[in-house]
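Presented below is the structure to which this report refers.
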There are 2 protein chains.
Amino acid sequence: MGSCQTCVVRNRAICAGLEPDEVALLNDIGRRRNLAAGEQLLWEGESAVLVANVIHGVLKLSNSLEDGREQIVGLVYPSDFIGRPFGATTPYGVEALTDARVCVFAQRDFDNFAREHPRLEHKLLERTLTELDRTRKWMLLLGRKSAEERLATFLLEISQRMAPATCDTPEGQSEEFEMPFSRQQVGDVLGLTIETVSRQFTKMKRDGVIDLPSRRSVVIRDRMELEARAG
Amino acid sequence: MGSCQTCVVRNRAICAGLEPDEVALLNDIGRRRNLAAGEQLLWEGESAVLVANVIHGVLKLSNSLEDGREQIVGLVYPSDFIGRPFGATTPYGVEALTDARVCVFAQRDFDNFAREHPRLEHKLLERTLTELDRTRKWMLLLGRKSAEERLATFLLEISQRMAPATCDTPEGQSEEFEMPFSRQQVGDVLGLTIETVSRQFTKMKRDGVIDLPSRRSVVIRDRMELEARAG
DNA sequence: CGTACTTTTGATCACCGTCAATAAATGTGG
DNA sequence: CCACATTTATTGACGGTGATCAAAAGTACG
């Protein structure tokens, strides 16, 4: 079923930089799991039983209100970490947006391993700090940007995130990509309704900033203009 | 000028749980600094030169757009940690909302100390994970809640945060407190304009949910109703 | 007491949400 | 492979919430 030695994300995930014997130990306590698109891995508020690393696929982290309003609070890509170590409850739901493959650990096992391996904790700390920065930048979008600015910002962001999936360059941006999101999910990321998202897509296409060859594919025709519209 | 041994937040800040000799070392690399209300400690985008712990006072973390729109992305209270360890640039501005006292460290010194003291890194990791959870919960507010729900949620939150300042109980909530925020700053936290904030305050007062004895003081008259309005 | 700042209140408007209908894409069974 | 059902996205009409602009009231401070 695969091991850490052959893992495709071993150089980018938190496991990177561990000694071979440490990797072997981590291999023992983790196991691989496949998720179908739409399958839920963790539920908001449940006790925190497991953590995981993404091997491939895209997942969403979301918070909801009782009346059904939902906000996606994070998107998770290959090599990203999922879950809440050292905590009692999972603070958000986790659901696969595409078919995905993850490397899961019982939270207890992972916590113990982490405490004994400062190198791993350090990696996790750096990752968490980066994620906090990203999340706070997103708050500016949610609190202060218009619908057009939100969609433009979002398209620029995923054009970067989707790029490494196709080629091996760590940083880059592709002018043409498939979104792993439905319109509803784009709305849930941006704090907008599906109708507003659709109208903004149409407007940008009409203005020649982007092209929409199919439902979920986007072509950036004028990146400068898109950046200008991102606010 | 004060030392770690006599520090009022020593049992709650990241220093908690360190051995006496470790505390002494930390004492050597840090220094105290007083900030006047409105004084800026860090600027968004500048190189990350220092980190700090709050001893007393309240500070804001904020992101801005070129055109002046601002979003407060975090509020920092006594014993909280400020700054971006292990990073090149400070991702947000930090400004004192009240007169404040902080314990500052050169980022280099702090990073080195942290790497050599896993106990400290672990504390920092737990703190960062908790902060990330709190931040993500706030995204639901910014993305999906109405103005009334936002203000109600905010008042409930600060009634909790302000409580420990007056008494020694770690967890609690006071029905009467002074806000360290102007109306503009409340707006910057909630992603609303000052006028909308003011109108919502007036409405809640008119409805008997809260009372506003003075500019910055709030009395919660009907906590149940306030919770109902928080969504 | 006068000046400057903050907050409140009012009037108006625009953006985005809501509700509804249509269109397009996807899936299913004969 | 096509008819049909279902899901997803687009488009339209309309209304409400919150932003904007403007003025008045309240507060702080010399």
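Side chains are part of it too, since the values below use all heavy atoms of this structure and drop only hydrogens, waters and symmetry mates. Just so it is clear: chains get the letters A, B, ... in the order the sequence lines come, proteins before strands, and each one is counted from 1.
Counting non-hydrogen atoms under 4.0 angstrom, B:Gly187 reaches nothing in the nucleic acid. No engagement by A:Ser214 is indicated, since no non-hydrogen atom pair under 4.0 Å with the nucleic acid exists.
The number of heavy atoms from other shown groups lying within 6.0 Å of CZ (B:Arg69) is above 12.
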Which atoms of nucleotides 6-9 of chain D (N or O only) lie under 3.5 Å from a protein N or O atom, and what are those distances?
residue, atom, partner, partner atom, Å
D:dT8, O2, A:Arg215, NH2, 3.1
D:dA9, OP1, A:Arg183, N, 3.2
D:dA9, OP2, A:Arg183, N, 3.4

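Taking atom CZ of residue B:Arg144 and atom P of nucleotide C:dC16, one finds them 13 Å apart after rounding to whole Å. Regarding A:Leu151, its CG atom lies at a distance of 12 Å from the P atom of C:dC16, rounded to whole Å. Rounded to whole Å, atom P of C:dT12 lies 13 Å from atom CZ of B:Arg199. Between A:Glu70 atom CD and C:dG17 atom P there is a gap of 15 Å when expressed in whole angstrom units. When rounded to the nearest whole Å, the span between CD of B:Glu148 and C1' of D:dG16 equals 14 Å. Here the C1' atom of nucleotide C:dC19 and the CD atom of A:Glu195 are 8 Å apart, to the nearest Å. In this structure, the CG atom of A:Leu192 is 15 Å from the C1' atom of D:dG18, given to the nearest Å. Rounded to a whole Å, the CG atom of A:Leu212 is 15 Å from the C1' atom of D:dT11.
With salt bridges taken as basic N to acidic carboxylate O contacts below 4.0 Å, none links A:Arg216 and A:Glu178. Note on B:Lys60 versus B:Glu70: salt bridge recorded, some NZ/NE/NH1/NH2 to OD/OE distance being below 4.0 Å. Between B:Arg229 and B:Glu225 there is a salt bridge, since a side-chain N of the basic residue sits under 4.0 Å from a carboxylate O of the acidic one.
Checking B:Arg84 against A:Thr130 by side-chain atom types alone, a donor-acceptor pair falls below 3.5 Å.
In this structure a side-chain-to-backbone donor-acceptor pair under 3.5 Å is present from B:Arg10 to B:Cys7. Checked by atom type and distance alone, the side chain of A:Arg32 pairs as donor or acceptor with a backbone atom of A:Ser3 at under 3.5 Å.
Residues A:Arg215 and A:Met179 approach most closely at O-CE, 4.4 Å, considering heavy atoms.
The stretch residues 200-211 of chain B has no heavy atom under 4.0 Å from DNA chain D, so no residue of it qualifies as close.
Evaluation of atom-type donor-acceptor distances gives no pair under 3.5 Å for the side chain of B:Arg150 against the base of D:dG18.
The side chain of A:Thr193 places an N or O atom within less than 4.0 Å of a non-bridging phosphate oxygen (OP1 or OP2) of C:dG17.
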Less than 3.5 Å apart, which donor and acceptor atoms pair up between the side chains of residues 43-59 of chain B and the rest of the protein, not counting sequence neighbours?
residue, atom, partner, partner atom, Å
B:Glu44, OE1, B:Ser64, N, 3.1
B:Glu44, OE2, B:Asn63, ND2, 3.4
B:Glu46, OE2, B:Trp43, N, 3.4

